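The block underneath contains the structure these notes are about, expressed in structure tokens.
Just the heavy atoms: all of them, side chains too, but no hydrogens, waters or symmetry mates, feed the values below. All of these numbers come straight from a predicted model, not from anything done at the bench. The chains referred to below are lettered A, B, ... by the order of the sequence lines, with proteins before strands, and numbering in each begins at 1.
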Protein chains: 2
Amino acid sequence: MPEEQETRGGRATAEMVAALAQVSRVAVSRAFNPHASLKADKRERILRVARELNYTPDRAARALVSGRTHLIGVIVPDVYSYWESQEIDALTTALQNEGFATLLFKTRTDYSMDEQLLAYMRGFNPDSVIAFVENVKPVTLTRFLDRAVPIYVDYPMAGAPAEPEHGPLYDRLNILQHSGIDQAVALLQGYGARRIAYLSGHGKSRASAAREATLRQVLEERGFQPPILAPGDFGYETAYQATIDLFRVRGGADGVFAANDVSAFGALDALRHELGLRVPGDVKVVGFDDIAQSHWKSYNLTTVKFDLHERVRALVRLILRRLNDPQAESLVETLDTRLVVRGTVG
Amino acid sequence: MPEEQETRGGRATAEMVAALAQVSRVAVSRAFNPHASLKADKRERILRVARELNYTPDRAARALVSGRTHLIGVIVPDVYSYWESQEIDALTTALQNEGFATLLFKTRTDYSMDEQLLAYMRGFNPDSVIAFVENVKPVTLTRFLDRAVPIYVDYPMAGAPAEPEHGPLYDRLNILQHSGIDQAVALLQGYGARRIAYLSGHGKSRASAAREATLRQVLEERGFQPPILAPGDFGYETAYQATIDLFRVRGGADGVFAANDVSAFGALDALRHELGLRVPGDVKVVGFDDIAQSHWKSYNLTTVKFDLHERVRALVRLILRRLNDPQAESLVETLDTRLVVRGTVG
DNA sequence: CAGCAGAATGAACGCGTGTACAAACATGCC
DNA sequence: GGCATGTTTGTACACGCGTTCATTCTGCTG
């Protein structure tokens, strides 16, 4: 075995590897840079010595000269929100496979996206930033980032003109909600539902607003009245209360669209355990997202599916494309949605 | 407003700040280092200019010279597991407040903690590492880390001698499970329960093994028979099936301890919706963790609580103590547990 | 006013790496 | 063999910052 020449429990450096492999330090650098020219046997020898010394190029030093940290900033209000947590999970795996790492940041739970956090994140100099925060404008985001081009998840309306906005540069993941919602409404129509309610997310959420708008559009297209609105906040508790209020005070509904699956769970529990109604017998319930819990027996929820892995792949594609071409115009990826039929409509 | 002297959309550097503030670059460095000596008005002026230029010291450069990246590696099998996600959430907030950031890594879902991942993480040179992975030995962890001292969550048995192990250095968060389990068993005893089952986590889990051992100990202390064992994996589905098997084939039980809250949900749903039993009327159910979902109406679970925020505070304390004194002996923090009584026992 | 301790300052160096540049070398063609 | 072209190799520099060290400045005592 090679002489243990680690200094004080610290990492091995390229210099040490070079010394042991009888090459120059630059050769070591090149050995770890695949497209650098280096004779094959030399590279092999270097890599072997590197493995023996447990050497890896220091990412800090590398970042200093290359300007790439290989860190992807992820901003979330709640890690434990179901959808977010599952997306972070899949995203982390995907990024890991591409040589990046997820750098996690939390905003306040009241969605007050303070500039302080952005400045803080900026200090870590991430290569890219994904914000799972709905009320922050891209403008705000770009103002606090130097190299990173933020990615923004958008929900364009069917038929609406593409935003000609040519302000700050950001990339976009467009999610088309019309298909899934239309399938859901068609299904409810088939079962004779007439009064449709929308249990919203919190007020500032663009996702919730887009879902509401699209639902309204689809209902109109299919000859329904506009949806009855019940105010929620994406959470279980609020959905529970809002549903009770909707049915005790405001006349109820035949079908309830909840802004996400968790709200749907709250609505379901309120309907069944508090209001004594049968689902889907008396009321149909439809959620959004299709999180893993939606097929648990207690809920077995019919829901508009956002394909998680497809979505993560699209995000990673955006990141890679942007890093390959930092000067590119605004990049766009588009995803569709579809209805997953389970036991809460029927 | 000051002349926009940013070069190519890049960040401002200490040199630019120095030039604009009419001071030397070293002064700028000192201005951002609180304990460095610098005349107050000068520091103030520098900080003002820095704010105007949106300047923050580059962390990569800082890490290169100081050896501190301010990154805390967090290794998880599933981000979306309830308990883990809630812990990551709280931990990220706490670390953020201390000037660190969470660097997330995922192992395979089959818990095969490959060395490849550790080597990968090592490349990012985190200041500390918390592994929410149960089957990886501290030895393995330390072998892949240079400066970082890993933190290991342990579940020592009551009365068992402290491990005299003096192998690789790692810090410990000890969780005492006896109190909570004893309270639960006492409660079940009061309701006349006789046959107690333990619905385990997956086979390799130390947490599950410790819970089972402690339960066995408490049962013996209180004159019960040993627990009937039903094999699970911490997941909902498996718990659901294991409960059905337990009651259809193996004679059932009066009380079921599930290895975590999610398993308890699965058991509850199986008991109520598949087996037609009443909880808590026919069977009592107790979980572990007290995750946020445990007080949802559908479950309203009685559970052994691990106080999340207390736990996170202990972890952060460990990290800070270790960074303040890298040479210290193995550090230890200890937490207790207690029973939270809700609707599944009564 | 001399003397002195302590604070404030700036020059120089080092952290570990990528890369431009020039030199050396190999290869292919006539 | 002569030359052109392409591949390897090593030197020197740059990245942005913290820190040591010698120097200058400040305030205070005698």
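Between the CZ atom of A:Arg11 and the P atom of C:dC15 there is a distance of 15 Å, rounded to whole Å. Rounded to a whole Å, the CG atom of A:Leu38 is 17 Å from the P atom of C:dC25. Put simply, CZ on A:Arg68 is 24 Å from P on C:dG16, counting in whole angstrom units. Atom NE2 of B:His70 is separated from atom P of D:dC17 by 14 Å (rounded to the nearest Å). Note: CG (B:Asp41) to P (D:dT26) measures 12 Å, nearest angstrom. Rounded to an integer number of Å, the gap from B:Ile46 CD1 to C:dT9 C1' is 11 Å. Taking atom CZ of residue A:Arg43 and atom P of nucleotide D:dT8, one finds them 9 Å apart after rounding to whole Å.
Checking side-chain atoms of A:Glu333 against main-chain N and O of A:Arg317 turns up no donor-acceptor pair under 3.5 Å. Looking at A:Ser330, its side chain does come within 3.5 Å of a backbone N or O of A:Tyr170 through a donor-acceptor pair. A donor-acceptor distance shorter than 3.5 angstrom exists from the side chain of A:Asp307 to the backbone of A:His309, with no hydrogens or angles considered.
For C:dT17, neither phosphate oxygen OP1 nor OP2 lies less than 4.0 angstrom from any side-chain nitrogen or oxygen of A:Ser66. The shortest distance between the side-chain N/O atoms of A:Asn33 and the OP1/OP2 oxygens of C:dT17 is not below 4.0 Å. Side-chain nitrogen and oxygen atoms of B:Ser29 include at least one within less than 4.0 Å of the OP1 or OP2 phosphate oxygen of D:dG18. For C:dG16, neither phosphate oxygen OP1 nor OP2 lies less than 4.0 angstrom from any side-chain nitrogen or oxygen of B:Asn125.
Nearest heavy atom pair, residue A:Gly99 against residue B:Tyr120, reads C-OH, 2.7 Å. Contact record, A:Arg59 with A:Thr69: NE-O, 4.4 Å, taken as the closest heavy-atom pair. Closest non-hydrogen pair, B:Ala12 versus B:Tyr55, comes out as O-CD1, 3.2 Å. The shortest non-hydrogen separation linking A:His70 to A:Asp127 is N-OD2, 2.8 Å.
Nearer the 5' end of DNA chain C, as judged by each residue's closest nucleotide, is the contact made by B:Ala40, out of B:Val65 and B:Ala40. Nearest-nucleotide mapping onto DNA chain D: of B:Leu64 and B:Lys39, the residue sitting toward the 5' end is B:Leu64.
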Show me the protein contacts with nucleotides 10-12 of chain D, counting only N or O atoms at under 3.5 Å.
unit_1: D:dG10; atom_1: OP2; unit_2: A:Ser24; atom_2: OG; d: 3.1
unit_1: D:dG10; atom_1: N7; unit_2: A:Arg30; atom_2: NH2; d: 2.7
unit_1: D:dG10; atom_1: O6; unit_2: A:Arg30; atom_2: NH2; d: 3.2

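Within residues 55-63 of chain B, the residues that place at least one heavy atom under 4.0 Å from DNA chain D are, in residue-number order, B:Tyr55, B:Thr56, B:Pro57, B:Asp58, B:Ala61, B:Arg62.
Residues A:Leu118 and A:Arg122 form no side-chain contact, since every pair of their non-hydrogen atoms from C-beta on lies 4.5 Å or further apart.
Checked options B:Val23, B:Ile46, B:Leu47; the residue passing with B:Val17 is B:Ile46 (criterion: side-chain contact (heavy atoms from CB on, under 4.5 Å)).
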